[in-house]
2 protein chains.
Amino acid sequence: MSPTDASQFPPFGVTVDLVVLTVRDHTLNALTIRRGEPPFQGQWALPGGFVRPDEGLEAAAARELAEETGLDQLPVHLEQLATFGDPGRDPRMRVVSVAYLVLAPDLPAPRPGGDAAGARWSPAAELADGSRLAFDHTRILEEGVERARAKIEYSSLAAAFCPEEFTVGELRRVYEAVWGVALDPRNFHRKVTGTPDFLVPTGGTTTRQGGRPAQLFRRGSAEKLNPPMLRPEP
Amino acid sequence: MSPTDASQFPPFGVTVDLVVLTVRDHTLNALTIRRGEPPFQGQWALPGGFVRPDEGLEAAAARELAEETGLDQLPVHLEQLATFGDPGRDPRMRVVSVAYLVLAPDLPAPRPGGDAAGARWSPAAELADGSRLAFDHTRILEEGVERARAKIEYSSLAAAFCPEEFTVGELRRVYEAVWGVALDPRNFHRKVTGTPDFLVPTGGTTTRQGGRPAQLFRRGSAEKLNPPMLRPEP
DNA sequence: GCTGTTTATCGTCAGGCAGACGACTAAGAT
DNA sequence: ATCTTAGTCGTCTGCCTGACGATAAACAGC
């Protein structure tokens, strides 16, 4: 039967694209690179590239992250987001792109490499609205942001935006930035410190946010947050 | 740069695979087909096949569903599940498979077509344990089942397993089958009838489940269930 | 027709959790 | 010394859930 005859399968290009998110200045930011090659040369796009013939998809995502941004060997969260394969999404040929979501703590300025002529963080809201990203990357970005918003509700993933040791207030600011809302510091503190194995106190304190010294915590073993953190409606 | 040079991109095969779930006899069942062609000829596998050159991914999933099972033009839910692309997952060549999840009401016996030498429903638990499905389809099935289990918690998706008009008890049996637990009929009734726009009474009643006549409902406009239905632990 | 069985539906009550918000603590800034 | 900023502990109230009693309306069998 023709469609499953390996000798005449229709050839596709397969790429990975990365939605890399972090929290900077109380705002959810995403990483974009300036394309150094056509198509869309000079435009901003999500980092990504073709999967190599003997490379797994997640491995390709990790490689592209390292190559194009220098965000290598860092404690980041990486998960598959979704796959985009509409005919015509790449003007060159039929390309299916497997998008990955990366959550990273606030990092030094990205170092562009590989095919990228530039790399920068921008507020996710601006990227989704004004700027036109190359290909269908605006839509991919939106899905990544929505996934992150949904997932911090019921998992400990928000800590992936924090450094290894962090305070309850810093974790709260992550939720506030990702959701774009203000949360009650007292209720938030009760919630996260009251959930077993969610936070582990390291014993230290810090005043890097000003004010009274705050306890430092590490991520606990709990991966799920049950009952979930409730996202306010406004 | 070589990896993004379209003229020398590494060619991949791209397929869609379908995790088709339904509830039969108080049990979550999945659809499998017997492969009529190598590789894995004669073995059971998830329905699926190669994406055509000018066809969208979701369109390919819908086409394969119709071709291989005859479950066409039915009120089913179809969503992208995940993409599997490990090198070596297909012995013929490098193939990336985009898996889709289909939730369907209990249907007449599937009619095999296309490349399938047979098609049948089997309890999902048996497929995940004993039988060895072709390729990495056991893992794909497991992810589909887990997605369904998670998603009926906070969405109205469980109704996709029911006929257009259904009773509260029938909907409860869906949850019980998918989660493999027993739920309190009184608390369940309170929860689903108390959530605004979740269920719309049609006015009719039925006794097809025996006992006292039950009100018939249709799916309401609410797509999310907030607060979620809680899945018991044991 | 009467009785037991099955399923549906309504009600009650106690405990847990979240939202609103008061109060106190401990650092740096002026 | 006082102000400002952030962190932490408590209290109260209302909502939701889990456990479970009670009633209703069909059918099966005697």
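A quick note: this is a predicted structure, and the numbers were derived from the prediction, not measured. Chain naming here is simple, since letters A, B, ... match the order of the sequence lines and numbering starts at 1 in each.
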Review point. Rounded to whole angstroms, how far apart are CG on B:Leu183 and P on D:dA19?
Key: 11 Å

**Study point:** For atom CD of A:Glu176 and atom P of D:dA6, their distance in whole Å
**Key:** 11 Å

**Study point:** Nearest-nucleotide pick for A:Lys191, side chain only, options being C:dA20, C:dA18, D:dG7
**Key:** C:dA18

Exercise for review: Starting from P on D:dG7, measure out to CD on A:Gln209 and report it in whole angstrom.
Suggested key: 6 Å

Point to revise | B:Gly211 or A:Thr207, whichever maps to the more 5' nucleotide of DNA chain C | key: B:Gly211

**Study point:** Spacing between A:Gln215 atom CD and C:dT25 atom P, to the nearest angstrom
**Key:** 17 Å

Point to revise | Within 6.0 Å of CD in B:Glu164, more than 12 heavy atoms from elsewhere | key: no

Review point. Can you tell me how far the CG atom of B:Leu199 sits from the CD atom of B:Gln215, to the nearest 0.5 Å?
Key: 9.5 Å

Review point. Does any N or O donor sit under 3.5 Å from an N or O acceptor when you compare the side chain of A:Arg212 with the base of C:dA26?
Key: no

Review point. Between A:Glu143 and A:Arg147, is there a side-chain N and carboxylate O pair less than 4.0 Å apart?
Key: no

Check your understanding: Of A:Asp17, A:Asp136, A:Val96, A:Thr15, which meets side-chain contact (heavy atoms from CB on, under 4.5 Å) against A:Phe84?
Key -> A:Asp136

Exercise for review: State whether the distance check finds a donor on one side and an acceptor on the other, under 3.5 Å, for side chain A:Arg186 versus base C:dG22.
Suggested key: yes

**Study point:** Gap between atoms NE2 and C1', on B:His189 and D:dG21 respectively (whole Å)
**Key:** 17 Å

Check your understanding: If you look at every strand shown and take non-hydrogen atoms under 4.0 Å, does B:Arg208 touch a base, only sugar-phosphate, or nothing?
Key -> nothing

Review point. Do the side-chain N or O atoms of A:Arg173 get closer than 4.0 angstrom to the phosphate oxygens (OP1, OP2) of D:dG7?
Key: yes

Point to revise | Euclidean distance, atom CG of residue A:Asn187 to atom P of D:dC9 [Å, nearest integer] | key: 14 Å

Practice item. Using atom CZ of A:Phe217 as one end and atom P of D:dT8 as the other, report the distance to the nearest whole Å. Key: 6 Å

Study note, to complete from the structure: Side-chain contact check for A:Arg190: nearest option of C:dT9, D:dT8, C:dA20 is C:dA20

Review point. Any donor-acceptor pair under 3.5 Å between the side chain of A:Asp184 and the base of C:dA18?
Key: no

Review point. Is the number of heavy atoms from other residues, nucleotides or ligands under 6.0 Å of B:Glu223 CD greater than 12?
Key: no

Exercise for review: Starting at atom CG of B:Leu230, determine the distance to atom P of C:dC17, rounded to an integer number of angstrom.
Suggested key: 11 Å

